[in-house]
Amino acid sequence: MITYRHHVVSLVAVFLALAVGVVLGGGPLADADEGSDDQTPAASADAAQDARGEYADVFAAASASRLLEDGLEGRSVALVSAGGPDDEVLGALTAHVEEAGGEVAARYELLDRLVGGSSTSLVDTLGQRLAEEVDDGAIDPDAPAYDRLGQLLGLALATSAPDGTPAGGNARTVRQGLVGADLLATSDAEASRAPLVLLVLGEDTDPDVLTGLASGLATVAGGTVLAGGSDSAQDGTLAAVREAGTPGGVVSVDGVETPAGQVTAALALLVAGSGAGGDYGPDGADGAVPLT
């Protein structure tokens with residue numbers, strides 16, 4: 001049943017999408033600096049672009065509570081970072097999860113030894129050993145090395161159960177193995193497994209590694225969101241992942257260095273649990289914002 005609240009939230013999401021669209025070059029602020037004789041055309045265009053960006057960010061901040069209210073009630077999120085994203089970005093994303101009624105179960109960091117692509121032999125050997133140890137049917141022993149490790153990550157920190165599950169013996173075994181091999185760091189070794197995973201990119205890492213890890217995670221988690229900055233989406237890791245084909249069941253979002261992008265990433269968590277994929281943000285092929 002579609003509720004009145006659903007109509008309101010969807011309408012606000014449409015306006016947010018339009019606000020982000022303004023940043024891409026259209027809308028009422030497009031001519032904000034026309035007529036000034038004191039600026040070159042390039043400077044005038046830059047000023048107008050800055051104004052449009054500020055407009056989208058202010059709109060996103062003002063509408064966030066209406067968009068996100070109770071959308072993640074009772075849900076937890078595993079917040080995973082790769083490539084050292086800014087702590088302010090991670091803090092803002094955490095705040096939006098809480099604003100939506102959810103909680104961050106724990107923070108996890110995929111270390112350079114894993115995401116840099118320099119330890120494929122270790123990843124393959126360790127993945128085979130851990131798959132044999134846990135042997136609960138969730139891991140495909142014949143999967144490519146990074147896909148298999150993504151499945152192991154999913155077993156360690158995620159679940160398809162909407163309410164999450166405690167970290168059992170298999171999850172602890174995988175966490176200990178990955179931490180011991182300097183592939184993973186965690187803020188809470190005993191954290192419960194979360195139904196949603198938000199994987200946030202920082203500096204560029206190996207896109208083939210990220211594609212495999214995200215693909216593997218998505219087979220275990222209830223919903224997976226891959227989020228990166230504008231640079232990453234234009235000529236970096238996120239762009240390469242998208243060009244190769246964002247893994248099925250993964251929602252990707254760009255522009256997360258901005259308030260508008262951060263709200264969009266939180267909205268993506270709301271829809272990720274449905275199993276839908278899609279690429280969103282200023283450079284997303286499926287639109288600026290996923291409509292809830």
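Predicted model only: the values in this text are computed from it and were never measured.
- Within the 3.5 Å criterion, the main-chain N or O of Pro195 finds no donor-acceptor partner in the side chain of Arg75.
- Residues in residues 249-262 take part in these side-chain hydrogen bond (donor to acceptor under 3.5 Å, both in side chains) pairs, two or more places apart or across chains: Ser230-Glu257, Arg242-Ser252, Arg242-Asp254, Ser252-Asp279.
- A heavy-atom distance below 4.5 Å is found between the side chains of Leu213 and Leu114.
- The list of side-chain hydrogen bond (donor to acceptor under 3.5 Å, both in side chains) pairs with a residue in residues 98-107, not counting sequence neighbours, reads His96-Glu99.
- Under the 4.5 Å side-chain heavy-atom criterion for grouping Ile, Leu, Val, Met, Phe, Trp and Tyr, Val89 is connected to Val263 within one hydrophobic cluster.
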Residue pair Thr120, Val123: steps toward the side chain to side chain contact (heavy atoms under 4.5 Å, CB included) verdict
CA-CA 5 Å; Thr120 301; Val123 168; 5.5 Å; no
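- Closest of all the heavy-atom pairs between Pro85 and Leu90 is CG-CD2, 4.0 Å.
- Across all non-hydrogen atoms, the minimal contact from Pro207 to Ala240 is CB-CB, 3.5 Å.
- Cluster annotation: Leu198 is connected to Val253 through the hydrophobic network of ILVMFWY side chains, with a link wherever side-chain heavy atoms come within less than 4.5 Å.
- Going from atom OG1 of Thr237 over to atom CG of Asp231 covers 11.0 Å, rounded to the nearest 0.5 Å.
- Side chains of Thr211 and Tyr146: no donor on one and acceptor on the other come within 3.5 Å.
- Side-chain atoms of Val289 and Tyr280, non-hydrogen and from C-beta on, never get closer than 4.5 Å to each other.
- The distance from the OG atom of Ser81 to the CG atom of Leu93 is 11.0 Å, given to the nearest 0.5 Å.
- Residue pairs meeting the side-chain hydrogen bond (donor to acceptor under 3.5 Å, both in side chains) criterion with at least one partner in residues 181-191, sequence neighbours excluded, are Arg172-Glu190.
- Nearest approach of Gly164 to Thr159, heavy atoms of both residues: CA-CG2, 3.7 Å.
- Note on Leu183: it clusters hydrophobically with Val115, by side-chain heavy-atom contacts below 4.5 Å among ILVMFWY residues.
- Between Leu157 and Ala78, the shortest heavy-atom contact is CD1-CB, 3.7 Å.
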Side chain to side chain contact (heavy atoms under 4.5 Å, CB included) assessment of Val134 paired with Ile139
CA-CA 8 Å; Val134 298; Ile139 312 302; 4.1 Å; yes
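- Using modelled atom types, no side-chain atom of Asp70 and backbone atom of Glu73 make a donor-acceptor pair closer than 3.5 Å.
- In Asn170, the CG atom is crowded: over 12 heavy atoms of neighbouring residues, nucleotides or ligands sit closer than 6.0 Å.
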With side chain to side chain contact (heavy atoms under 4.5 Å, CB included) as the criterion, how do Gln151 and Leu217 come out once you've worked through the C-alpha distance, each side chain's angles and the decisive distance to 0.1 Å?
CA-CA 5 Å; Gln151 294 169 12; Leu217 274 167; over 6 Å; no
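- Taken together through direct or relayed side-chain contacts under 4.5 Å among Ile, Leu, Val, Met, Phe, Trp and Tyr, Leu199 and Val250 form part of one hydrophobic cluster.
- Smallest separation of non-hydrogen atoms from Ala191 and Ala167: O-CB, 3.3 Å.
- Using modelled atom types, no side-chain atom of Arg148 and backbone atom of Ala131 make a donor-acceptor pair closer than 3.5 Å.
- Taking hydrophobic clusters as Ile, Leu, Val, Met, Phe, Trp and Tyr residues chained together by side-chain heavy-atom distances below 4.5 Å, Val104 shares a cluster with Leu68.
- Shortest non-hydrogen contact noted between Asp206 and Gly117 is OD2-CA, 4.0 Å.
- Within the 4.5 Å cutoff, the side chain of Leu226 has heavy atoms near those of the Val241 side chain.
- To the nearest 0.5 Å, atoms CG (Leu126) and OG (Ser119) are separated by 10.5 Å.
- The neighbour count for Asp124 CG, taken as heavy atoms of other residues, nucleotides or ligands under 6.0 Å away, is above 12.
- In this structure, OG1 on Thr264 lies 11.5 Å from CG on Leu269, to the nearest 0.5 angstrom.
- With hydrogens and angles ignored, the 3.5 Å screen pairs a side-chain donor or acceptor of Ser274 with a backbone N or O of Val271.
- In Asp235, the CG atom is not crowded: 12 or fewer heavy atoms of neighbouring residues, nucleotides or ligands sit closer than 6.0 Å.
- Note that CD of Gln128 and CG of Leu152 are 11.0 Å apart. Values are rounded to the nearest 0.5 Å.
- In this structure, the separation between CZ on Arg175 and CG on Leu153 is 10.5 Å, given to the nearest 0.5 Å.
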Full working for side chain to side chain contact (heavy atoms under 4.5 Å, CB included) between Val80 and Val200
CA-CA 6 Å; Val80 184; Val200 186; over 6 Å; no
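- In this structure the side chain of Leu79 never reaches within 4.5 angstrom of the side chain of Val197, judged on heavy atoms.
- None of Leu238, Leu201, Asp204 except one satisfies the side chain to side chain contact (heavy atoms under 4.5 Å, CB included) rule with Leu210; the exception is Leu201.
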